[in-house]
Each structure stands twice: as C-alpha cells, then as structure tokens.
Amino acid sequence: MNIIFFGSSKFAAPSLRALSASKHRVSCVVTQPDRHKGRGLHFSGTAIKTLAQASGIRVFQPERVNSKEALDFFKGTACDLFVVISYGQILSQKVLDIPKLFSINVHASLLPKYRGAAPISWAVINGETRTGATVIKMTAKMDEGPVISREQIGIEPEDTVITLEEKLSELAARLLTSAVSSIEKNKYSLIPQDENSASYAPKLKKENGRIDWRKNAVEIQNLVRGCAGWPGAFTFYKNKLLKIYRARAIQMPDSKRPEKPGEISGISKAGVLVRAQEGGLLIEELQMEGKRRMEARDFIAGHKIPVGERLG
RNA sequence: CGCGGGGUGGAGCAGUCUGGUAGCUCGUCAGGCUCAUAACCUGAAGGUCAUGAGUUCAAAUCUCAUCCCCGCAA
C-alpha cells in the first residue's frame, strides 16, 4: 500500500514509526507549516516533520491543505490511502477523494463519544475510567465516519492526560497498522456510528483550567489530571496565579464549614490541603506566577501560609 | 528580534539605585528537651551571587554580550 501520512503532533509519532517500519510504504508526510512556538522567537517544525526527515520521507507543509496548490500536489502523487492522525487541519471532501481507495483517521476516543480536538483531556476531566482509540473511514464531517476498528483501554487513577496520551498513541499505532493491512486484503467492515450517543470534546481554552472550589474534590483532581501540560489547572493565591500540577482528592471527615470552599485547612509535609465542596484537595506540586514549579513541601518551606486563607 | 518579570546555599527572599566581611526566614543534619505539634532549645553543614568579558585598589552591586526560567500572548 502506498500511503500519504497526515500528522503533526507527538500523538502521531508512534503511528508514523509503525507504518514506515511495516511493509507499507509511506511516500509522503504532510504536516503543519513551521510556526513560531512558545515565548521568544523559536521557530520550529512539528515533531512529525523531524521524524519524517530522519527517516528520509518527503515532507509537505501546505498552509491550507484544501488549497488548489495542495490539491494539485496530491493529485500528482498516485497514492492508495490517506492516513490522518492528529494533523490539525480539516480535509475537504475533494482532498479525501484523491487516494485510490479512501482516507482513514485514528481518533483518541471510543467514537461516537468525545468527537473533536481534545478527546483525551475531556475524558480525564470527566472522570471516565475507560477510553480508547477508533479507526474510521473519513467523511467531510469531522469524526463522524463509519468505524473500521476500535479498542478500549482503562484510565488509571494515576493517569494524567500526558500519560494517557502516550498509551493511546501506542494503541493508535497498533490499530492503525492492522487496519491498513485489513484494508489492503479487502477484509474489513464499515460500521456506522450511533449518532444518538455522540458527544463532543472541544479544544481546551485557558479558562477551562480554572478551578472552581465549589466542586467536589474528586472533580477538581480530575481537572488537574486532565489539564496537565496545557492549559494547566490554576487558581489564585493572594491575587497571584497559582498553577497546580499534581494533587490528590482526600476524604475530609465532615467539613464543618462547607460554605467556605477554597479555604486552606491544613499544611503538612504531604502538601497544602484545601477544602472543596466535598472532601479536600491535597496539593502536591504547584507553581506560583513568575516562579518555577516545585513540590508543595518546598513551597511551604519558603512561605508562611496561614490556615484559613482562601484560594480562588 | 511580540510584551513583561526574574536567576544570591535545598525552598522563599533581602542586599544592586549609592561598589567595601555573603545576610534573613524556613528546610536539612547532629544533640538536647518534650502531650506548645507545619513543636521547642542548642549547635553544625551547605553559596563558582546564571555564564563570559570589561571598568576599578576593590564587583552580587557599574558596563557589554550570552545562556536559562516564568507570566501574558499563541
């Protein structure tokens, strides 16, 4: 099979590695254009570009994948299958129709659940205990095509969006290569998604990371896990931004003052304990605005933190 | 070269303007004491003041360059 691979983020890396190591041929990698990244002036290509170049695969970086120029490029490439994974642009029907067979996509959820840009984050934030990866035949409507294969994995309590993404990217690579092989042998089925049980996972915004202490401790813990990396769960301490990188929900024997969510109710070597609506959140790793991230015990060593002070 | 803050023992900071012995609070370690509990008392260890060059009798401090970290923005 002659494949053109569309991918940009790290999530796509194991899949690209697996495909180029397989008997199939990745003749070209399409990825997002180089962009300024982060603060300062760093100008760099995507993780996938680096990987493709290291493997000597041709790289194509159209500003707009549906433009006429890009279309012409694809038409000149005699290709059997488009494989799209975490690419970052939506392909028009015209593009999807270019390969001899069709185009497939791997999505990091059990479709039709969590369609959209941030399925892993939202699964964790919502406290799901299982998720998975799904290979679909692509249609013009995002993440709505018929299912070719699907596999689920559990979400462990220690998992964050980062660790889960790693696991899912490996799973995606496995599912993808076997899907490609079964397509080549023409032994596959297309099962339509059940529209009635569809749900959506939109791209996260900065504001999604803001902690509402009126929620239960377990929900806040899930927010911290789901916002790890970006945007990061945050609250405010003395009117300064306080990011929380690691925290654990713990039982609090009958909070007598549930009308004061966000109140610091204890300081110990384990961390800073904050009262939530139900239960308490033990903050274990954090970062103050303008400072490095650090263990809560180091933070405690350097600050006098009055019990009773409120966060938020 | 998008805007801004910063780099001083393990953590948080003062000192920089106005150059002159490396300081404070906390932590760590040792001993003591003990229902004062993120306990208390005594003592100790631990620092190329981000890096390089320059000015100077003398640089954490002044000058120039570089590196790195963080907030905003994406």
Side-chain angles (χ1 to χ4, degrees), chain A residues 7-12 31-50 61-65 86-90 116-118 120-122 160-162 165 201-211 217 223-224 226-248 250-253 255-257 260 262-276 279-312:
Chain A
S8 294
S9 80
K10 228 175 77 182
F11 184 76
T31 191
Q32 293 274 44
D34 293 358
R35 301 210 194 280
H36 291 282
K37 279 209 289 202
R39 57 180 77 76
L41 42 114
H42 307 299
F43 194 72
S44 62
T46 65
I48 294 304
K49 180 183 184 179
T50 313
Q61 299 176 277
E63 194 63 46
R64 291 187 305 123
V65 73
S86 186
Y87 169 55
Q89 294 191 44
I90 296 174
I120 307 173
S121 302
W122 284 105
T160 67
V161 65
I162 296 168
E165 182 175 337
K203 200 169 175 175
L204 284 177
K205 296 189 186 114
K206 182 107 187 147
E207 189 57 26
N208 290 121
R210 182 169 192 153
I211 292 172
L223 184 73
V224 172
C227 291
W230 200 90
F234 63 92
T235 185
F236 293 88
Y237 174 64
K238 293 184 190 291
N239 289 323
K240 284 191 175 173
L241 187 73
L242 174 68
K243 283 195 177 183
I244 297 177
Y245 287 99
R246 202 174 70 243
R248 222 172 45 224
I250 63 171
Q251 303 264 346
M252 284 188 48
S255 30
K256 292 215 167 111
R257 292 185 286 178
K260 284 194 174 180
E263 186 185 56
I264 295 172
S265 72
I267 310 287
S268 71
K269 294 207 173 187
V272 180
L273 181 61
V274 183
R275 190 184 301 282
L281 191 76
L282 183 67
I283 302 173
E284 297 174 318
E285 189 178 6
L286 52 78
Q287 178 175 37
M288 281 296 288
E289 176 178 329
K291 298 300 176 188
R292 281 202 316 282
R293 68 189 276 181
M294 67 181 74
E295 296 293 318
R297 54 170 305 164
D298 291 332
F299 179 73
I300 292 164
H303 295 267
K304 289 195 196 308
I305 305 167
V307 170
E309 183 93 13
R310 286 182 76 175
L311 298 182

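None of the values given here were measured: they were computed from a predicted structure.
- In this structure, A:Arg292 reaches the B:rA11 phosphate: one of its side-chain N or O atoms is under 4.0 Å from OP1 or OP2.
- Pairing of B:rG31, defined by two Watson-Crick or G-U wobble distances under 3.5 Å, is identified with B:rC41.
- Look at A:Glu289 and A:Lys240 and you find no salt bridge, because none of the NZ, NE, NH1 or NH2 atoms lies under 4.0 Å from a carboxylate O.
- Judged by distance alone, with hydrogens and angles left aside, the side-chain atoms of A:Thr235 form no donor-acceptor pair with the main-chain N or O of A:Leu311 at under 3.5 Å.
- Nucleotide B:rG71 forms a pair with B:rC3, judged by Watson-Crick or G-U wobble geometry with both contacts under 3.5 Å.
- On the P atoms, B:rU21 is 12 Å away from B:rA59, given to the nearest whole Å.
- Base pairing of B:rC17: no nucleotide in any strand meets the Watson-Crick or G-U wobble criterion (both distances under 3.5 Å).
- No more than 12 heavy atoms of other residues, nucleotides or ligands sit less than 6.0 Å from atom CD1 of A:Ile90.
- Applying the 4.0 Å criterion to OP1 and OP2 of B:rA11, one finds that A:Lys291 has every side-chain N and O outside that range.
- Within the structure, every side-chain polar atom (N or O) of A:Lys243 is placed at least 4.0 Å from both OP1 and OP2 of B:rC70.
- With rounding to whole Å, A:Ile300 atom CD1 is found 15 Å from B:rG10 atom C1'.
- Taking side-chain N and O atoms only, A:Lys206 has no distance below 4.0 Å to OP1 or OP2 of B:rG71.
- Side chain of A:His303, nearest nucleotide from B:rG12, B:rU25, B:rA74: B:rG12.
- If you check every strand for non-hydrogen atoms under 4.0 Å, A:Leu241 touches sugar and phosphate atoms only.
- Within the nucleic acid shown, A:Gln287 comes within 4.0 Å of sugar-phosphate atoms alone, with no base atom in reach, counting heavy atoms only.
- Look at B:rC62: its Watson-Crick or wobble partner, with both distances under 3.5 angstrom, is B:rG54.
- The shortest heavy-atom contact between A:Ile283 and A:Ala247 is CA-CB, 4.1 Å.
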